[in-house]
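Every heavy atom of this structure was used, including side-chain atoms; hydrogens, water molecules and symmetry mates were not. Chain A is the first sequence line, chain B the second, and so forth, proteins listed ahead of strands; every chain is numbered from 1.
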Number of protein chains: 2
Amino acid sequence: MENLPLQFESIFSVDCVIFGFDEGELRILLIERNEEPFKGWFALPGNLVDNTESIESAAERILYELTGLKGIFMEQFYTFGALGRHPLGRVITVAYYAMIRLNGQKDVKPVTDYARQAVWMPVKDMPELAFDHSRIFRKSFEKIKNKISYQPIAFELLPEKFTLTQLQNLYEVILDKKLDKRNFRKKMLAYDILKELDEKQKGVSYRAAKLYKFDKRKYAKHFNKELSFSKE
Amino acid sequence: MENLPLQFESIFSVDCVIFGFDEGELRILLIERNEEPFKGWFALPGNLVDNTESIESAAERILYELTGLKGIFMEQFYTFGALGRHPLGRVITVAYYAMIRLNGQKDVKPVTDYARQAVWMPVKDMPELAFDHSRIFRKSFEKIKNKISYQPIAFELLPEKFTLTQLQNLYEVILDKKLDKRNFRKKMLAYDILKELDEKQKGVSYRAAKLYKFDKRKYAKHFNKELSFSKE
DNA sequence: AATATAGGGTGTATTTTTTACACTAAGCAA
DNA sequence: TTGCTTAGTGTAAAAAATACACCCTATATT
């Protein structure tokens with residue numbers, strides 16, 4: 001790439017929107033920045049991409065460095081490159097999202113000191129974020145909201161074994177509306193991507209619900225693709 | 001952006017997939033490259049983005065330079081950044097698509113000599129393209145195929161006044177399957193986004209069909225958005 | 001004038017999908 | 001035993017999607 005006029009050299013980065021679901025709340029993974037600009041602000045995990053790595057692997061690396069999470073498959077959803085989006089100049093960012101299983105608590109902590117801490121922030125308590133990250137988050141949220149209504153992708157967020165009521169709660173939180181119990185169950189079961197287990201919920205002080213598992217094989221059959229997630 | 005280690009400086013570009021529809025054929029706009037690498041090959045109109053312009057305006061500028069087309073609204077659909085995709089090194093490309101009206105003929109010709117010519121290539125005759133552009137094209141095509149099945153966006157491709165049969169042909173070409181005439185008409189009219197005109201087709205040697213117009217106001221009402229297209 | 005040709009235009013019955021809606025059952029706790 | 005809380009279930013109605021075939025009309029041809 002010798003001889004290229006300077007004005008064609010740009011900086012680019014990835015940002016990751018990682019969704020989790022815990023205690024009935026949808027959360028996303030934020031870091032608290034430890035560097036200027038926006039030192040002390042919350043931001044999406046993101047950083048510059050090295051030009052010797054693919055964008056996907058950069059996304060994985062950066063997510064790991066900032067939060068300790070490894071091996072998460074992320075899906076690209078949009079690229080942001082407005083001129084004013086970064087105070088230091090033109091930075092283009094490729095944004096990814098993922099949904100991950102967050103049994104009880106998945107602890108997250110930065111392995112570099114670029115971030116002071118990483119937190120699972122409830123979506124409903126989201127503060128204003130650094131750079132244009134609030135906007136990136138909103139766009140990712142629209143995306144999953146839209147996607148979930150025609151493709152059952154939300155299992156990634158639940159524990160491996162879950163009840164239909166838990167699943168419905170998750171849908172209700174994402175779509176931000178009440179759903180009819182009977183219709184919801186009918187439809188989910190009709191997708192034929194759940195495996196009913198011989199096991200019940202434990203530790204509840206009322207009638208225990210049946211547990212289900214998401215069945216990847218059936219999913220692939222019906223939706224004609226792998227779940228997690230096709231590489232570029 | 002001073003002091004930044006060199007490995008974070010990247011080159012990036014935009015590529016445009018422009019769909020047209022003419023003589024019953026779906027076409028896309030290609031250029032014949034006049035520079036190495038891939039000199040003499042067909043490619044999507046695309047070029048490097050200057051770091052003083054937004055991605056959208058770069059896309060507009062580049063499309064104009066290579067094809068003479070101006071003021072086309074394009075929608076971003078994916079960003080490609082695999083390591084091996086450009087022989088000279090890492091280039092990240094943000095890909096856009098648009099559908100445009102191609103009455104009879106819209107002539108296209110490069111205004112720079114970076115391209116030797118621009119052509120409307122029938123999709124069914126597509127040659128292997130430069131770089132990974134064949135792949136980019138395939139991805140764009142999946143995208144519009146998918147989108148058209150839940151949102152009537154194809155009007156952009158037709159002349160201002162069109163018959164329902166023309167519209168149906170277009171759908172059949174994009175979806176690559178036959179549709180039932182009565183059901184198609186019923187459904188299109190039920191969308192309530194067409195305005196029936198007091199006018200008929202001319203110059204045909206059989207019973208002339210009624211002409212329709214796409215009605216942006218009604219579209220916006222039903223789909224709750226503008227047609228052409230939201231800015232980043 | 002008569003006829004041929006080619007696409008224009010229309011309705012109905014059937015199936016499938018979506019929606020609306022309310023009670024009994026089971027398990028635990030007091 | 002009773003009370004509480006969530007689990008689990010079916011049906012009727014409406015809406016949407018599908019399958020399917022014939023007559024109409026404008027022009028061209030003889």
* Result of checking B/F42, B/W41, B/F38 against B/F131 for ring-ring contact (aromatic ring centres under 6.0 Å, His included) ->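 Running ring-ring contact (aromatic ring centres under 6.0 Å, His included) over B/F42, B/W41, B/F38 with B/F131 returns exactly one hit, B/F38.
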* To do: Please figure out whether A/R207 or A/K187 has its closest DNA chain C nucleotide nearer the 5' end.
  => A/K187
* With nearest nucleotides of DNA chain C determined for A/V204 and A/K181 from heavy-atom distances, which residue corresponds to the more 5′ nucleotide? ->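 Between the two, 5'-proximity favours A/K181.
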* To do: Check whether the side chain of A/K186 and the base of D/dT11 form a donor-acceptor pair under 3.5 Å.
  =>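 Indeed there is one.
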* **Modelled atom types, side-chain donor and acceptor of B/Q151 and B/Y219, under 3.5 Å** => yes
Please give, in whole Å, the distance from [N] [atom2] to [X] [atom1]?
X      : N      : atom1 : atom2 : value
B/Q201 : D/dT25 : CD    : P     : 16 Å
B/L167 : C/dG9  : CG    : P     : 13 Å
B/L189 : C/dG8  : CG    : P     : 14 Å
B/Y212 : C/dG8  : OH    : C1'   : 10 Å
B/M188 : C/dG8  : CE    : P     : 16 Å
A/L164 : D/dG8  : CG    : C1'   : 10 Å
B/N169 : C/dA6  : CG    : P     : 17 Å
B/R182 : C/dT12 : CZ    : P     : 11 Å

* Asked: Do A/K139 and A/Y78 meet the cation-pi criteria used here (NZ or CZ under 6.0 Å from the six-membered ring centre, within 45° of the axis)?
  -> yes
* Is B/E160 salt-bridged to B/R101, going by a charged N under 4.0 Å from an acidic O? ->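 Salt bridge flag = no for B/R101 with B/E160.
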* To do: Could you please name the option among D/dT9, D/dA19, C/dG27 that lies closest to any side-chain atom of B/N183?
  => D/dA19
* Evaluate the ring planes of B/F19 and B/F137, with Trp represented by its six-membered ring, and classify them as parallel (under 30°), tilted (30 to 60°) or perpendicular (over 60°). => tilted
* To do: Please tell me which of A/D180 and A/A209 maps to the more 5' nucleotide of DNA chain D, matching each residue to the nucleotide holding its nearest heavy atom.
  => A/A209
* D/dT6 phosphate, OP1 or OP2: any side-chain N/O from A/T165 under 4.0 angstrom? -> no
